[in-house]
There are 2 protein chains.
Amino acid sequence: MKRLQLEDLSKQLGYSKTLISMVLNGKGNQYGISKKTQTAVLDAVAQLDYTPNKFAKALRTGKSYFVGLIVADISNPFYSTIAKNIEHVLFERGYNLMVCSTEENEEKEKRLVEMMLNQQGVDGVIVSTTFKDSSFYDQPRFAKTPLVFIDRLLPLFNTNYVVIDNYGGSLEIVSHLVKDGSKKIACLSISPSYLSTIEDRVNGYKDALIKNKLKQDNDLIKMIHFESINADVENAMRELLARHPDLDAVYALNNHIATALLKTLRKKEFENYNGKLKIACFDDIELFNIIDKKVVSVSQPIEEIGKNASLLMLDIIDGKQVNKSNVVLSTKVIER
Amino acid sequence: MKRLQLEDLSKQLGYSKTLISMVLNGKGNQYGISKKTQTAVLDAVAQLDYTPNKFAKALRTGKSYFVGLIVADISNPFYSTIAKNIEHVLFERGYNLMVCSTEENEEKEKRLVEMMLNQQGVDGVIVSTTFKDSSFYDQPRFAKTPLVFIDRLLPLFNTNYVVIDNYGGSLEIVSHLVKDGSKKIACLSISPSYLSTIEDRVNGYKDALIKNKLKQDNDLIKMIHFESINADVENAMRELLARHPDLDAVYALNNHIATALLKTLRKKEFENYNGKLKIACFDDIELFNIIDKKVVSVSQPIEEIGKNASLLMLDIIDGKQVNKSNVVLSTKVIER
DNA sequence: AGTTATATCTAAATCCTTTTAAATTTCTCT
DNA sequence: AGAGAAATTTAAAAGGATTTAGATATAACT
């Protein structure tokens, strides 16, 4: 049973391929096809399991109705939640989502961007980049395809983006800790620390200390490598507590670190401290609702990132948004 | 700066489009292009930022190098982990992944399947279906496109699938509870319960009771609706404990239910029981490593599902696998 | 009726590859 | 040198839609 094509419809209906194509694409009026003919065609085709060949259509029109999404790790609930919301918006508008994980690997990201932005397989690309600077993205041959950055952005690169207010959220939660009585707050940061999100959070932390007149001490900021979180957190805490017995709060810059921190503090080695330390985390996860330990957290509007980014992308594709659009979503502190 | 195409290369290199296309596709030898010419072409093109138009290629060859993935909820870590592994395998082989979430909505699943299986936009579809029976999938017009089911399968539908041994895992963990001394074990199931995964887990639970000579009692099996998990679990526990004061273990059929259960048991209302109840869960999540409560769980080889399904899909696409392939992966009990 | 304007419809070009079938060049051998 | 075989290369067709430019039918007007 061969696939039907316009040629077949033309024979069966007695109208030209041209006319049928016009009607099927809703351009009947525009091209002056009579109402009678239009309904005749639509009725006849409705019976007939015909769908236009996507490739032929894309070849001719240059539109694929695909949007690409590039993130560091699609299995990370943060990104998969964004993906879900993007997919939802796109589906409503007849678009499909192509998802790729870079696994924090710059080489893979390059290949993916190359493929998506240069090979015109997609109508637009939404990306959370692992890159440090914009030189790669800032090439003329990439400028043809609409681009929206999410979550992370590149310094000095003028493009569309939807991010959250990492600086503000961080400032707020650390200030909250201070008001709650904390005097010495450690910060467990993550490398690669050049990511805009991390940088902003660290700056928020520092500025909160300044504003609240606490002593700044770089020894209180520890780097946790994203590939060895558990071990690094444990070492960091051991060091911190040895050097700063008066430590009274720890601020984890993301949920993975907070999770590792909670695990660490349950060990016998730390049992004397566990009760005394307040814990804060940038990112709010279900776990915090289940454990006894009270964790104060910054909740990010994750769904909103996806929704905003995809709507923005569609506007750009449709030519409704010509200037670069920059969206910064605000966060909320969750006390417990 | 216009996109380069074969025509341009032809003019610049002084060879025909045909020859260049052949060489670029690695078919130089096959078509008897001289070694000298081949290297000349390859060298010249390497300088020139040319990539073939995907749509023209797909139109001519009928291959899109896209594989579709349809799951109930891409933001669910279970599925997003599968997605990540699928994407990884596909990327290595030059394929891309198109991801769609049905949101447990049959209508959306129909539209997606229609689009993917009937509109030949993708070379194959991997799906975790929300459907109850196979009548929709079992249509001749869908048979053209390779199909691999994952996680959930449809009764009596002869197709490729990669699933885990839900029955066996369930049997094992419940037997484990019994050996550990439990005499009365409740089961928190989830609706829609016709999903093959759920059905198998319930059957494993029942058979474990029989094998271990415990009394079966349908009153111990509670249905939790997937859209009101927290409330349903709380009600279920209230009922169970009222009617069965000697209850000594609760078996949650998935991680969401276990999470809700843990939250519920922390409430004052249940504090007298919390210590006495053993908890088991089908699915192993990081949370269980962080909380004090010892949860025994069934760990599923989630990554393996994705890897197996995508490798199988590629084999089918490449014609290496003609018979239907059925893979059942086994689980592991994690004690704590 | 004959011409012009208007409403409908269609043939052919186009998008850019890959592949088939055929043409050309080179080589081998008498 | 010339015929036939082998080695290279290319012109043209095909894939299936959309769109341009043009054709035909109908209406309107003198």
Side-chain angles (χ1 to χ4, degrees), chain A residues 2-42 44-45 48-66 94 115 118-121 123 144, chain B residues 2-42 44-45 48-66 94 115 118-121 123 144:
Chain A
K2 228 183 87 256
R3 245 180 94 81
L4 243 45
Q5 62 193 65
L6 229 35
E7 182 80 50
D8 305 315
L9 297 191
S10 176
K11 280 178 194 148
Q12 290 192 42
L13 306 201
Y15 287 106
S16 69
K17 297 192 292 178
T18 307
L19 185 148
I20 297 174
S21 168
M22 287 166 167
V23 173
L24 258 33
N25 285 303
K27 299 185 178 168
N29 294 333
Q30 177 187 328
Y31 285 112
I33 310 298
S34 74
K35 278 275 171 293
K36 214 180 69 186
T37 311
Q38 290 195 43
T39 47
V41 167
L42 288 173
V45 174
L48 285 180
D49 192 33
Y50 165 80
T51 50
N53 180 303
K54 288 194 161 187
F55 307 132
K57 186 166 197 158
L59 174 59
R60 179 64 234 232
T61 62
K63 279 209 60 173
S64 67
Y65 288 92
F66 259 103
M115 176 191 81
N118 198 32
Q119 253 162 282
Q120 60 192 41
D123 297 339
K144 292 166 289 191
Chain B
K2 227 185 85 253
R3 241 180 96 81
L4 245 46
Q5 61 192 67
L6 230 35
E7 183 77 48
D8 305 314
L9 297 191
S10 175
K11 279 179 195 147
Q12 289 191 44
L13 306 201
Y15 287 106
S16 69
K17 298 192 292 177
T18 307
L19 185 148
I20 298 173
S21 168
M22 287 166 168
V23 172
L24 257 35
N25 285 303
K27 298 185 178 168
N29 294 333
Q30 177 187 328
Y31 286 113
I33 310 299
S34 73
K35 278 273 171 296
K36 214 180 68 187
T37 311
Q38 290 195 43
T39 47
V41 168
L42 288 173
V45 174
L48 286 179
D49 192 34
Y50 165 79
T51 51
N53 180 303
K54 288 194 162 188
F55 307 132
K57 187 167 195 155
L59 174 58
R60 179 64 233 229
T61 62
K63 278 209 60 173
S64 67
Y65 288 91
F66 258 104
M115 176 191 81
N118 199 31
Q119 252 162 282
Q120 61 191 39
D123 297 339
K144 291 166 289 193

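Quick note: numbers below take in every heavy atom, side chains included, and nothing from hydrogens, waters or symmetry partners.
Put simply, chain B comes within 4.0 Å of DNA chain D, heavy atom to any atom, from D:dT8 to D:dG16, going 5' to 3'.
A:Leu6 approaches A:Ser21 most closely through the heavy-atom pair CD2-CB, 3.9 Å.
In this structure, B:Thr39 has no side-chain contact (heavy atoms from CB on, under 4.5 Å) partners at least two apart in sequence or on a different chain. Listed by chain and number, the residues in a side chain to side chain donor-acceptor pair (under 3.5 Å) with B:Lys57 are B:Asn25 (sequence neighbours excluded). Looking at residues two or more places apart in sequence or on another chain, you find no ring-ring contact (aromatic ring centres under 6.0 Å, His included) involving B:Tyr15. The side-chain contact (heavy atoms from CB on, under 4.5 Å) test applied to B:Leu4 returns B:Asp8, B:Leu9, B:Leu48, B:Tyr50, not counting sequence neighbours. Legend: residues meeting ring-ring contact (aromatic ring centres under 6.0 Å, His included) with A:Phe66, ordered by chain and number and at least two apart, are B:Phe66.
B:Met115 places none of its side-chain heavy atoms less than 4.5 Å from the side chain of A:Thr51.
Side-chain atoms of A:Ser64 do not come within 3.5 Å of backbone N or O of A:Ala58 as any donor-acceptor pair.
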Just distance, no hydrogens or angles: give the donor-acceptor pairs under 3.5 Å from side chains in residues 27-37 of chain A, sequence neighbours left out.
from, atom 1, to, atom 2, distance (Å)
A:Asn29, OD1, A:Lys35, NZ, 2.8
A:Asn29, OD1, A:Gln38, NE2, 3.0
A:Ser34, OG, A:Thr37, N, 3.3
A:Ser34, OG, A:Thr37, OG1, 2.6

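Comparing the end axes of the helix from C:dA1-D:dT30 to C:dT30-D:dA1, each fitted to five base pairs by superposing C1' atoms of four pairs onto the next four, gives an inter-axis angle of 70° (nearest 10 degrees).
The list of salt bridge (Lys or Arg N to Asp or Glu O under 4.0 Å) pairs with a residue in residues 13-24 of chain A, not counting sequence neighbours, reads A:Glu7-A:Lys17.
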Do nucleotides 9-21 of chain C as a string where each nucleotide becomes B, S or -: B if the base has a protein heavy atom under 4.0 Å, S if just the sugar-phosphate does, - if no protein is that close. SBBBBBBBBBBB-
